[in-house]
Amino acid sequence: MASSALNVLSGIAAAAAGFHGETVSKNGSVPGLDLAKILPAMLGDKAGGAAGLLGSLASVASKSGLFGGSKMGNLADLAGSLLSSGSAGAVSKAAGGIGGLAAAIMGNSGSAASLGSIASLATKIGKTATSKNDLLGKVSELGKTLGNTCGISLNGGGTVLKALDNVLGNDAKGTIFKTILKGLA
């Protein structure tokens with residue numbers, strides 16, 4: 001599940017950017033949501049234990065350049081420890097709306113074009129929101145669809161989400177990213 005977990009997390013980041021009205025750059029990076037910094041924080045645990053050790057190692061690895069462009073397999077392995085897949089139902093890309101967006105995330109290849117289309121679809125859905133609360137409702141629905149229909153779950157739940165506060169803060173895009181992940185916890 002390692003590389004597919006990285007693709008799912010990349011797709012969620014692209015959707016968060018799209019809901020925020022931003023695009024994915026031509027090289028596939030999502031502005032403001034750097035998974036090489038986010039993943040070590042998600043793996044960390046201030047209480048210690050195995051997760052704390054793994055988070056510390058991941059943090060050192062990140063600072064030492066282990067997550068450089070040629071080391072994407074290492075990042076994929078870390079992502080694989082965060083997400084689990086259970087029994088997944090079929091989600092059709094033709095479904096449109098949140099279902100279609102979930103299908104696009106699940107079918108994401110990790111390419112810049114794939115991430116760009118996810119961000120574009122999320123932007124279209126986000127533009128239909130009538131308020132900030134309505135937008136967050138759509139974002140939450142995406143997380144629940146990925147969790148319930150697609151069978152993706154976030155290992156570490158609340159601890160992982162709390163760790164994101166230190167990396168993402170409370171900006172709108174970070175809040176959207178965390179709200180999607182809450183649906184997986």
Side-chain angles (χ1 to χ4, degrees), residues 4-26 28-35 37-39 41-42 79 82-110 112-185:
S4 62
L6 183 59
N7 288 348
V8 168
L9 283 172
S10 297
I12 290 171
F19 278 123
H20 192 251
E22 295 181 9
T23 59
V24 171
S25 68
K26 291 182 180 184
S29 67
V30 179
L33 293 173
D34 181 3
L35 291 180
K37 292 179 182 170
I38 291 171
L39 286 173
M42 291 171 73
L82 284 168
L83 295 180
S84 299
S85 60
S87 56
V91 181
S92 169
K93 284 187 179 183
I98 296 297
L101 181 56
I105 290 170
M106 294 303 296
N108 170 28
S109 67
S114 183
L115 294 172
S117 66
I118 290 169
S120 177
L121 181 54
T123 298
K124 288 177 189 173
I125 294 169
K127 286 182 179 179
T128 66
T130 56
S131 67
K132 180 181 176 182
N133 286 339
D134 186 28
L135 176 64
L136 289 177
K138 291 176 187 309
V139 168
S140 180
E141 184 183 345
L142 173 61
K144 290 175 184 170
T145 301
L146 288 168
N148 297 335
T149 306
C150 301
I152 300 296
S153 62
L154 180 66
N155 299 328
T159 304
V160 168
L161 294 170
K162 184 71 176 154
L164 287 176
D165 291 341
N166 297 330
V167 176
L168 298 176
N170 289 322
D171 75 328
K173 193 175 1 176
T175 299
I176 291 169
F177 184 72
K178 289 184 284 189
T179 301
I180 296 170
L181 291 180
K182 282 180 187 175
L184 305 177

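- What you find for Cys150 and Ala102 is that their closest heavy atoms are SG-CB, 4.3 Å.
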Leu83 and Asn155: CA distance, side-chain angles, deciding distance, side-chain contact (heavy atoms from CB on, under 4.5 Å) verdict: CA-CA 6 Å; Leu83 295 180; Asn155 299 328; 5.8 Å; no

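- Nearest heavy-atom pair across Ala14 and Val24 is CB-CG2, 3.9 Å.
- Considering all non-hydrogen atoms of both residues, His20 and Ile176 come closest at N-CD1, 4.0 Å.
- Taking every heavy atom of both residues into account, Gly18 and Thr123 meet most closely at O-OG1, 2.8 Å.
- Separating the CG atom in Leu161 from the CG atom in Leu181 is a distance of 6.0 Å, to the nearest 0.5 Å.
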Go through Leu142 and Thr179 one step at a time and tell me if the side-chain contact (heavy atoms from CB on, under 4.5 Å) criterion holds. CA-CA 9 Å; Leu142 173 61; Thr179 301; over 6 Å; no

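- Looking at Val30 and Phe177, their side chains never come closer than 4.5 Å, going by heavy atoms from C-beta outward.
- Among residues two or more places apart in sequence or in another chain, the salt bridge (Lys or Arg N to Asp or Glu O under 4.0 Å) test is passed with Lys144 by none.
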Is there a side-chain contact (heavy atoms from CB on, under 4.5 Å) between Leu33 and Leu168? Walk through the geometry before answering. CA-CA 8 Å; Leu33 293 173; Leu168 298 176; 3.6 Å; yes

Evaluate Leu6 against Ser10 for side-chain contact (heavy atoms from CB on, under 4.5 Å), listing each step before the verdict. CA-CA 6 Å; Leu6 183 59; Ser10 297; 4.3 Å; yes

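- From Asp134, atom CG reaches atom NZ of Lys138 across 4.5 Å, with rounding to the nearest 0.5 Å.
- Residues Ser25 and Ser29 bring a donor and an acceptor atom of their side chains to less than 3.5 Å of each other.
- The CD1 atom of Ile125 sits 4.5 Å away from the CG atom of Leu101 when rounded to the nearest 0.5 Å.
- Atom CG of residue Asn7 and atom OG of residue Ser114 lie 7.5 Å apart, to the nearest 0.5 angstrom.
- Interatomic distance, CG of Leu184 versus OG1 of Thr145, reported as 10.5 Å (0.5 Å rounding).
- Atom CG of residue Leu146 and atom CG of residue Leu154 lie 11.5 Å apart, to the nearest 0.5 angstrom.
- Looking at heavy atoms from C-beta onward, Val8 lies out of side-chain contact with Asn108 at the 4.5 angstrom threshold.
- With sequence neighbours excluded, the residues satisfying side chain to side chain contact (heavy atoms under 4.5 Å, CB included) with Asp171 are Lys173.
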